[in-house]
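Written below as structure tokens is the structure these notes are about.
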Amino acid sequence: QVQLVESGGGLVQAGGSLRLSCAASRIIFSISTLGWYRQAPGKQRELVATITSTDFTNYADSVKGRFTISRDNAKNTVYLQMNSLKPEDTAVYYCNANFKNWGQGTLVTVSS
């Protein structure tokens, strides 16, 4: 069974930065499409960013220019660098593999 374990969430002031990590196991990581999604209180889960096995990236309009997704195949880890954070970025952030496997989520809270 695929395991995805997120880390790096926390409380940060508006304008600050955080880097999320997601360590994957029991998966052929190098050929997988990885993604980050988020779910704010009272809202549906939404796509943040994805990265394919060939490093093609896709971002939600709301995070373009502020967030960067990357991967390290040697470490089976995908990252989300989040800069210029805004209060509206507050959410539980979930790692996803191949559009079907989910991590448990990590909470990001951005204070104004």
Side-chain angles (χ1 to χ4, degrees):
Q1 184 175 350
V2 174
Q3 290 189 334
L4 301 170
V5 180
E6 301 99 333
S7 60
L11 174 64
V12 63
Q13 288 189 332
S17 298
L18 281 175
R19 188 175 82 153
L20 306 183
S21 300
C22 173
S25 59
R26 301 176 186 171
I27 190 174
I28 305 177
F29 189 86
S30 61
I31 62 170
S32 295
T33 293
L34 290 309
W36 288 96
Y37 292 71
R38 67 186 182 187
Q39 187 166 16
K43 295 187 177 181
Q44 290 191 330
R45 192 172 298 188
E46 63 177 4
L47 170 72
V48 176
T50 58
I51 184 167
T52 69
S53 59
T54 56
D55 288 339
F56 179 80
T57 57
N58 181 54
Y59 295 92
D61 288 342
S62 59
V63 306
K64 281 181 182 176
R66 301 188 298 123
F67 291 11
T68 302
I69 189 170
S70 62
R71 64 193 295 161
D72 185 337
N73 290 340
K75 295 182 178 180
N76 279 17
T77 300
V78 60
Y79 304 97
L80 185 69
Q81 178 66 44
M82 305 185 293
N83 299 329
S84 303
L85 283 161
K86 305 175 181 180
E88 50 264 43
D89 294 318
T90 295
V92 177
Y93 283 71
Y94 296 91
C95 180
N96 178 279
N98 299 316
F99 304 107
K100 60 182 180 181
N101 301 111
W102 295 94
Q104 82 289 349
T106 185
L107 177 62
V108 172
T109 304
V110 184
S111 63
S112 56

**Study point:** Same apolar cluster: Val92 and Leu20, side chain cutoff 4.5 Å
**Key:** no
Check your understanding: Which pair of heavy atoms, one from Leu4 and one from Cys22, lies closest together, and at what distance?
Key -> CB-SG, 3.9 Å
Review point. Any idea which heavy atoms bring Val63 and Val48 closest together, and the distance?
Key: CG2-O, 3.6 Å
Study note, to complete from the structure: Tightest non-hydrogen contact, residues Val78 and Ile51, listed as CG2-CG2, 4.2 Å
Please table the atom pairs, donor to acceptor, closer than 3.5 Å between any side-chain atom in residues 83-91 and protein atoms at least two apart or in another chain.
from: Asn83; atom 1: OD1; to: Ser17; atom 2: OG; distance (Å): 2.9
from: Asn83; atom 1: OD1; to: Gln81; atom 2: NE2; distance (Å): 2.9
from: Asp89; atom 1: OD1; to: Arg38; atom 2: NH1; distance (Å): 2.9
from: Asp89; atom 1: OD1; to: Arg66; atom 2: NH2; distance (Å): 3.0
from: Asp89; atom 1: OD2; to: Arg66; atom 2: NH1; distance (Å): 2.8
from: Asp89; atom 1: OD2; to: Arg66; atom 2: NH2; distance (Å): 3.4
from: Asp89; atom 1: OD2; to: Lys86; atom 2: N; distance (Å): 2.8
from: Thr90; atom 1: OG1; to: Pro87; atom 2: O; distance (Å): 2.9
from: Thr90; atom 1: OG1; to: Val110; atom 2: N; distance (Å): 2.9
from: Thr90; atom 1: OG1; to: Val110; atom 2: O; distance (Å): 3.4

**Study point:** ILVMFWY cluster membership beyond Ile28 - transitive side-chain contacts under 4.5 angstrom
**Key:** Ile31
Exercise for review: Could you list the residues that satisfy side-chain hydrogen bond (donor to acceptor under 3.5 Å, both in side chains) with Thr77, not counting sequence neighbours?
Suggested key: none
Review point. Between Ala24 and Phe29, which heavy-atom pair has the shortest distance, and what is it?
Key: CB-CD1, 3.7 Å
Review point. For Asp61, what residues pass the side-chain hydrogen bond (donor to acceptor under 3.5 Å, both in side chains) criterion, not counting sequence neighbours?
Key: Lys64
Point to revise | OG1-CG distance between Thr33 and Asn96, expressed to the nearest 0.5 angstrom | key: 9.5 Å
Study note, to complete from the structure: Residues pairing under side-chain hydrogen bond (donor to acceptor under 3.5 Å, both in side chains) where one sits in residues 99-112, two or more places apart or in two chains, turn out to be Glu6-Gln104
Review point. Can you list every pair that meets ring-ring contact (aromatic ring centres under 6.0 Å, His included) and has a residue in residues 55-100, with sequence neighbours left out?
Key: none
Study note, to complete from the structure: Rounding to 0.5 Å, atoms CG (Asn98) and CG (Leu34) come to a distance of 7.0 Å
